[in-house]
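This report refers to the structure that appears directly beneath it.
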There are 2 protein chains.
Amino acid sequence: MYTYEYPRPSVTVDIVVFGYDGGKQLKMLLIRRGSEPFKGCWALPGGFVDMEEDLEQAAFRELEEETGVKDLYLEQLFTFGKPGRDPRGRVISVAYFSLVNLQDHPAVAASDVDKAEWFALDELPPLAFDHNDIIQVATSRLNAKVRYQPIGFELLPEEFTLGQLQQLYETVLNVEGFNKRNFRTRILRTGILEEVGRQKNVAHRPAVLYRFNQETYRQLAEQRDSGVLRRALDFEI
Amino acid sequence: MYTYEYPRPSVTVDIVVFGYDGGKQLKMLLIRRGSEPFKGCWALPGGFVDMEEDLEQAAFRELEEETGVKDLYLEQLFTFGKPGRDPRGRVISVAYFSLVNLQDHPAVAASDVDKAEWFALDELPPLAFDHNDIIQVATSRLNAKVRYQPIGFELLPEEFTLGQLQQLYETVLNVEGFNKRNFRTRILRTGILEEVGRQKNVAHRPAVLYRFNQETYRQLAEQRDSGVLRRALDFEI
DNA sequence: ACAAAAGTGTTAACTCTACACCCATGT
DNA sequence: ACATGGGTGTAGAGTTAACACTTTTGT
């Protein structure tokens with residue numbers, strides 16, 4: 001038992017993971033709750049922060065424990081703390097946000113009774129707590145992020161074609177039929193893609209495979225932030 | 001006394017308020033701590049979240065209690081939770097962020113022993129806790145925000161000239177000598193400024209006074225977010 | 001030969017940049 | 001008259017948007 005002079009809230013983390021498999025739908029990683037409250041209900045992976053671990057560490061730990069998903073990049077999203085958002089009492093939750101490709105993160109292990117699954121974004125089940133609000137904020141963030149950061153880095157496999165990248169952008173922005181010519185010109189002029197080969201065994205002209213050059217990206221982002229470059233690194237399509 | 005089955009962290013809010021007075025420096029609102037730890041040291045305004053209040057409410061309350069500053073717009077910045085950031089034990093702090101004009105928020109009341117003061121950004125005193133880190137994150141956020149949101153809304157008095165707005169942008173972006181012609185064209189074409197009169201009693205051609213039209217801004221932002229407009233509302237100067 | 005997707009050339013409309021210049025006011 | 005900051009015209013460079021076209025592969 002732990003005793004304090006003033007009442008204290010509990011602190012949790014919740015993790016919103018968007019996954020992409022090359023199709024026309026983004027997916028999201030959810031778990032089925034094995035215990036009360038909301039037992040049997042779908043929810044975002046997450047749980048209580050331990051006293052000696054950093055918030056981000058807690059997010060990595062809970063995510064792996066509950067879904068088996070690991071080795072990803074987490075970004076803090078927002079902290080939800082409205083009184084009453086959790087029936088167990090005052091619970092403040094720091095939400096994290098991630099983008100992964102489903103090929104590299106297919107494993108969805110179950111810890112004990114919980115179950116984890118990828119859901120298409122437009123077929124999400126009813127969710128526990130205020131997790132709909134959290135997903136709403138995450139979706140807005142993704143839509144904003146796509147305009148100024150190269151999300152392909154995270155959502156596509158290591159090597160990809162410009163066609164795949166364009167399909168991804170159309171999926172995330174929920175539009176169709178970007179002009180191929182102009183999409184290519186825009187992406188390539190940023191200079192952050194590196195040719196690494198060609199497709200093999202496809203029933204059409206094999207596409208050039210590209211890889212994101214993280215180092216080039218880092219340098220350009222730094223130059224932009226320090227004001228040297230003004231209009232570089234514009235991911236508006 | 002309050003007793004729990006598992007240990008719990010404390011949760012605080014800290015508020016980063018940037019102020020602008022028309023000059024070449026932004027200012028920041030700090031308080032002098034009247035109690036341990038870091039007694040006598042300068043720090044961001046902030047304090048413990050009450051059990052029945054929302055996080056944002058706590059930020060408003062602490063800010064007013066400690067500095068007298070109120071009636072401002074707060075935006076959540078980031079949550080800092082590294083173990084060891086506070087000598088009192090595990091303390092997780094949700095940081096908020098605000099922009100105000102100093103004319104409308106000059107009052108800097110002292111609650112009991114604490115003192116509150118505006119400091120020029122490049123003359124900040126040594127700060128308590130990890131408040132330097134928090135300010136660092138806030139400064140980055142401001143620099144990013146200036147590119148896609150009309151910060152003049154918050155940092156300038158209700159009515160202002162394009163000259164004042166340009167001075168503000170030069171201050172925030174830390175550059176000099178934007179081309180006046182092009183600055184004007186860019187700002188005016190967004191359509192979010194509304195003419196409200198002319199300067200009086202100035203020793204030069206009186207400038208047109210403008211006001212931000214919040215309603216127009218809201219509509220444009222909505223259209224952009226829903227994908228109707230693509231390149232509207234670009235605040236890149 | 002065909003289907004399928006990759007990839008290219010080109011042009012008219014538009015936007016950006018830079019610089020020079022004019023304007024209205026108080027002293 | 002002049003200092004001061006407000007405000008405008010414009011041309012050349014650069015970018016965007018749109019469309020039609022060519023290329024390379026497997027079947």
Side-chain angles (χ1 to χ4, degrees), chain A residues 22-24 147 152 156-157 159-171 173 175-191 193-211 220 224 227-237, chain B residues 22-24 147 152 156-157 159-171 173 175-191 193-211 220 224 227-237:
Chain A
K24 293 200 192 304
R147 293 161 193 273
L156 290 176
E159 301 187 349
F160 53 87
T161 68
L162 288 179
Q164 291 176 291
L165 189 62
Q166 178 165 351
Q167 175 62 58
L168 166 62
Y169 271 83
E170 295 186 356
T171 298
L173 293 172
V175 291
E176 312 220 313
F178 280 167
N179 184 295
K180 187 176 37 160
R181 178 59 160 124
N182 301 340
F183 181 83
R184 278 154 187 272
T185 307
R186 270 216 172 88
I187 294 293
L188 290 178
R189 89 171 150 202
T190 64
L193 292 191
E194 196 181 344
E195 271 191 56
V196 290
R198 312 208 134 242
Q199 280 182 322
K200 296 261 160 47
N201 284 86
V202 284
H204 54 75
R205 176 172 175 175
V208 171
L209 292 169
Y210 292 92
R211 170 164 60 198
L220 286 172
R224 176 197 51 192
V228 180
L229 289 177
R230 300 240 279 96
R231 290 241 170 193
L233 277 181
D234 182 358
F235 292 95
E236 287 276 357
I237 311 297
Chain B
K24 293 199 192 306
R147 292 161 194 272
L156 289 176
E159 302 188 349
F160 54 86
T161 69
L162 288 179
Q164 290 176 292
L165 188 62
Q166 178 165 352
Q167 176 61 59
L168 166 62
Y169 272 83
E170 295 186 357
T171 298
L173 292 171
V175 292
E176 314 220 311
F178 280 166
N179 184 295
K180 186 178 37 161
R181 178 61 163 122
N182 302 340
F183 181 84
R184 280 154 186 271
T185 307
R186 270 212 172 90
I187 294 292
L188 290 178
R189 92 171 148 203
T190 64
L193 292 191
E194 195 181 346
E195 272 191 57
V196 291
R198 311 208 135 243
Q199 281 182 321
K200 295 263 160 44
N201 284 86
V202 284
H204 54 74
R205 175 173 174 176
V208 172
L209 293 169
Y210 292 91
R211 169 164 61 198
L220 286 172
R224 175 197 53 193
V228 181
L229 289 178
R230 301 240 282 96
R231 290 241 170 194
L233 277 180
D234 182 358
F235 294 94
E236 286 275 357
I237 311 297

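Labels below follow one simple rule: chain letters A, B, ... track the order of the sequence lines, proteins then strands, and each chain is numbered from 1.
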Test Glu159(A) against Tyr210(A) for side chain to side chain contact (heavy atoms under 4.5 Å, CB included), laying out the working first. CA-CA 5 Å; Glu159(A) 301 187 349; Tyr210(A) 292 92; over 6 Å; no
Aromatic rings Phe183(B) and Tyr169(B): how do their planes relate, parallel, tilted or perpendicular, breaks at 30° and 60°? perpendicular
Where along nucleotides 3-10 of chain D does protein come under 4.0 Å, by heavy atom, of base (B) or sugar-phosphate alone (S), with - for untouched nucleotides? BBBBBBBB
How would you list, by chain and number, every residue that makes a side chain to side chain contact (heavy atoms under 4.5 Å, CB included) with Gln167(A), sequence neighbours excluded? Tyr20(A), Lys24(A), Thr171(A)
Value for CG (Leu220(A)) from OG1 (Thr190(A)), rounded to nearest 0.5 Å, stands at 7.5 Å
Arg181(A): which residues meet the side chain to side chain contact (heavy atoms under 4.5 Å, CB included) condition with it, sequence neighbours left out? Asn179(A), Thr185(A)
Send over the distance from Arg189(B) CZ to dT15(C) C1', rounded to a whole Å. 8 Å
Donor-acceptor list for residues 197-204 of chain A side chains, cut-off 3.5 Å, not counting sequence neighbours:
unit_1: Arg198(A); atom_1: NH1; unit_2: Pro206(A); atom_2: O; d: 3.2
unit_1: Gln199(A); atom_1: OE1; unit_2: Ala207(A); atom_2: N; d: 3.0

Donor-acceptor contact below 3.5 Å, side chain Gln166(A) vs main chain Phe178(A): yes
Could you state the NZ-C1' distance from Lys200(A) to dA6(C), rounded to the nearest angstrom? 16 Å
Kindly indicate whether the side chain of Thr161(B), heavy atoms from C-beta on, has any atom under 4.5 Å from the side chain of Leu209(B). yes
Hey, what are the protein-to-nucleotides 12-14 of chain C N/O distances that come in under 3.5 Å?
none

